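Please read all numbers here as calculations on a predicted model, not as lab measurements. Whatever order the structure lists them in is the order used to number ligands and atoms, beginning at 1.
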Amino acid sequence: MTASLPYPALHATHGGIWLATPDGQTHALSRGEAIARAADTPTILLNAPMVAARLGFADLSGLDILELFAFVHPARFVVPTPAALARWLDIAPPTDDAAAAGFLRRAAETLLDHVAAADWAERDGAWACAQALGRLRWPWSEALDTHLKSPERPDRWLFSRLPEWDEAAPRPAPRNLTPDPAQVTADLAACLGDGAEIREGQRAYAAAATQVFAPRRADGRPQLLLAEAGTGIGKTLGYLAPSARWARDASGTVWISTYTKALQRQLDRETTRLWPDPATRDHKVVIRKGRENYLCLLNLEDALQGGFQGRAAILAQLVARWAAYSRDGDMVGGDLPGWLPSLFRRAGSTALSDRRGECVYAGCPHYRKCFIERSVRAAADADIVIANHALVMLLAQRAERDEGALARLVFDEGHHLFDAADSTFSAALTGQELIELRRWVIGPEKASRGRRRGLAARLSDVASYDEAGGQAILDAAAAAADLPADGWLGRIVEGIALGPLERLLAAVRATVFARAQAQDAGYGLETEAAELDGALVEAAVPAMAALEALLRPLTRLGQRLEAVLGDAPDWLDSQARARVEGAIAGLATRCSLLTSLVALVGRLGGAADPDFVDWLAVDRVEGREYDVGIHRHWLDPTRPLAETVLGPAHGVLVTSATLRGAGGWDQADALTGARHLEQAPQHFAAPSPFDYARQAEVLIVTDIRRGDMAALAGAYARLVEAAGGGVLGLFSAISRLKAVHARIADRLARAGLPLYAQHVDPVDTGTLIDIFRDDPHASLLGTDALRDGVDVPGDSLRLVVMEGVPWPRPTVLHGARRASGGGAAHDDRIVRARLAQGFGRLIRRAGDSGKFVILSAALPSRLLDAFPVGVPIRRVTLAEAAAAIAAGPAPLPGDGSTLSSDAALGHQGHHDAPETR
Ligand code: SF4
């Protein structure tokens with residue numbers, strides 16, 4: 001055991017602040033005293049930004065245990081709470097908050113013991129990294145110095161550790177075959193393990209899913225199945241088993257797409273049942289995400305060699321440490337702890353990925369080790385690719401599908417296909433988008449962090465070889481000078497816009513402020529792009545000309561690059577060829593973007609196109625503006641979805657626990673794009689095996705007046721207290737979430753009930769959910785993203801509270817869809833889906849139980865069929881709800897006080913017997 005560290009440790013919650021000194025004493029402190037001590041002496045902290053938020057002192061820094069953890073155990077994850085850290089380190093947890101301060105000192109000493117241990121698994125590369133961190137004056141360097149011995153052999157540093165990928169021949173087209181259902185059932189049984197029985201619903205589901213792998217009968221007519229599987233059916237294995245069987249027998253790849261990262265992670269875990277051996281699984285299963293998720297090694301190298309300064313440089317070192325041990329280099333939802341970038345207030349982390357399309361492909365010295373390139377190649381050869389809806393749609397849109405890719409698709413969380421298509425197949429001309437385009441063409445205009453270069457620098461060899469190409473680059477740079485430049489937003493606010501695009505944005509902003517009505521004070525403003533003023537229409541003309549002036553040379557440059565490839569000059573070795581091909585792909589993306597922007601601007605002041613909805617918006621957070629722009633969405637985004645994704649595929653399974661809603665299969669066909677295909681889809685449904693009537697109860701609290709913030713906050717506090725924590729609170733407005741949190745967090749913390757909140761606590765949402773899951777006394781407040789991104793089975797989630805009826809926000813887009821899609825019935829469909837998703841958080845496993853509370857004096861009875869058949873529903877006062885929650889499990893139905901959702905409320909019973917085809 002290490003000698004005692006000479007540093008005090010500080011622990012702060014909403015309930016109090018404690019300091020443990022090296023002599024073993026612990027004292028309670030005031031905020032002022034804590035800030036003074038931490039500013040005075042190097043102090044051990046757990047999650048400095050979180051402690052800073054508790055103290056109300058943004059500049060707090062110290063010896064953060066999470067940074068030390070990231071150094072000692074890179075690519076490993078710990079939930080950032082004292083109790084979870086204790087479990088991870090296998091040491092005694094603190095008994096209460098006061099004891100947590102002393103515990104932090106022990107935890108730090110234990111981590112340093114790991115460094116000194118002979119069997120430390122992550123020693124490789126640590127010495128060189130520690131030396132670099134020492135030069136950056138990392139607070140832990142001094143303590144580390146005494147524990148970390150210099151290596152006997154030279155350290156293997158990141159770039160020498162990473163494996164190289166190999167080019168492989170393209171995979172032949174998969175064989176035409178339909179998996180044998182009996183074989184799939186046997187595979188499913190093998191996954192479930194010895195003795196486990198396949199439930200009938202899961203067996204029927206897997207048999208139905210098998211049919212999408214049958215050869216399609218005609219071009220443009222994929223085998224399409226819409227399958228609703230109630231929670232608990234086991235649909236994940238139900239489709240994984242036939243997918244894996246088909247992939248194995250046909251030598252093909254099945255793409256499985258999710259909407260949330262939580263399900264992506266869960267799927268990855270489930271594949272261990274199919275391929276228990278990690279080495280085999282690494283080859284068979286590949287996770288693919290958008291490029292912006294992965295670490296770019298060239299950006300990292302640049303950051304390590306002086307591109308980053310101060311804290312960002314320390315982050316770069318810790319990221320380099322992680323990269324050497326990472327499974328796949330995924331920085332968002334992969335094995336980089338989600339809390340690591342937020343410890344550095346996100347300084348620099350985004351600059352480490354390839355967000356702006358500046359990859360130089362084979363021109364990059366790390367090309368053969370690049371995580372992105374590796375995942376693309378691994379996916380081409382994998383049996384199962386786990387991706388997300390946005391990426392699948394983007395690849396399909398860019399026609400990046402070869403013979404095998406995207407031919408067999410499984411869309412889980414299929415109820416989100418509409419939303420994913422809505423954002424993928426949309427266009428936006430905004431200041432942020434345009435300044436990115438300008439930088440992509442010209443490069444950064446003043447000294448900036450990173451290795452960003454303009455087109456001229458990236459293609460200098462082409463420019464010197466091909467005169468016309470060189471001229472196109474010069475013309476593009478001249479035209480890009482008309483796009484918004486640094487400081488554009490300040491200028492348009494002050495009325496001194498420069499250039500045609502800034503002047504257009506200034507006119508857009510003025511129109512928005514003249515016409516929009518704020519929905520959530522201090523947040524986004526928008527107005528329909530109709531009957532526009534002369535000033536805006538006039539500004540559109542030169543703006544469109546400027547966009548076209550940029551589009552022309554970029555198109556010409558793409559053609560010249562194609563010609564250079566055709567000429568194949570001497571200098572065009574395989575690396576240069578790959579780089580030019582990369583540039584052609586980048587240009588195609590920008591040209592397609594510019595074409596859509598020209599169309600967008602060209603329509604301002606003209607006749608409305610009935611297929612699209614256009615609006616103007618000013619994006620704001622807490623009153624601070626950060627973007628201005630013009631937006632265009634498809635009225636029905638499932639049209640391009642059907643055309644570009646579903647139609648060209650051979651087989652598609654769209655599945656979810658809530659696919660149909662009250663509108664039945666017609667609704668599912670409409671929201672998934674199935675109705676735009678030539679042939680009707682197949683349908684399958686299996687009801688949930690859960691006994692919702694016994695496991696859950698819905699309580700509608702009728703005595704909280706809408707708009708009464710004090711009453712709303714009081715209600716949340718009372719419900720959290722009654723439940724003893726384990727509450728997920730859902731809000732539809734960030735401002736109300738923050739107001740409620742501010743009023744009740746201290747009171748609850750003093751009762752031993754920690755309350756965390758999205759948009760308040762300075763950590764990423766994934767980490768907040770992990771903290772919530774880990775502590776059955778914790779509660780979490782969040783907005784829409786939590787409504788179905790949270791999978792917390794077991795005791796940690798016992799109560800879901802919605803602040804009111806989740807009506808859709810009356811946006812321009814919503815108004816247009818409402819007008820074309822059934823008026824109030826359209827609103828009802830959205831509310832039902834949201835209620836079902838919120839309720840769906842509650843019962844995740846057979847043993848779960850809990851209550852769903854909605855604070856609403858007037859929840860219409862017609863919407864109650866959103867809840868599963870048989871679940872008891874009561875309209876109660878807050879006091880009655882609190883008493884029922886404190887009393888424990890849900891009452892049995894039919895005890896006289898409950899309404900049955902199917903009988904008393906006229907429920908049509910949409911979870912009927914399984915339909916078979
Ligand atoms: S190949 Fe591209 S993305 Fe990969 S490391 Fe190099 S520059 Fe970055």
**OP:** Check step by step if ring-ring contact (aromatic ring centres under 6.0 Å, His included) holds for Phe69 and Trp140.
**Re:** CA-CA 11 Å; Phe69 184 93; Trp140 284 108; over 10 Å; no
Original post:
Quick check: does Cys296 have an N/O/S atom under 2.8 Å of atom 6 (Fe) of ligand 1?
Top reply: no
Original post:
Could Arg161 and Tyr325 be counted as a cation-pi pair, given that NZ or CZ must be under 6.0 Å from the ring centre and within 45° of the axis?
Top reply: yes
**OP:** Below 4.0 angstrom from a heavy atom of Cys370, which ligand 1 atoms are there? Numbered from 1 as shown, please.
**Re:** 1 (S), 3 (S), 4 (Fe), 5 (S)
Subject >> Minimum heavy-atom distance Tyr294-Ser353, with the two atoms named >> reply: O-CB, 3.1 Å
**OP:** Scan side-chain atoms only and decide if Asp764 and Thr767 contain a donor-acceptor pair under the 3.5 Å cut-off.
**Re:** yes
**OP:** Using a strict 4.0 Å cut-off to heavy atoms of Ile372, name the atoms of ligand 1 that fall inside it.
**Re:** 3 (S)
Original post:
Under the ring-ring contact (aromatic ring centres under 6.0 Å, His included) criterion, do His114 and His73 qualify, and how do the steps go?
Top reply: CA-CA 9 Å; His114 290 189; His73 296 300; 5.0 Å; yes
Original post:
Got an N, O or S from His366 under 2.8 Å of atom 2 (Fe) of ligand 1?
Top reply: no
Subject >> Atoms in ligand 1 with a heavy atom of Arg291 nearer than 4.0 Å >> reply: 3 (S)
Original post:
Which atoms of ligand 1 have any heavy atom of Leu298 under 4.0 Å away?
Top reply: 5 (S), 7 (S)
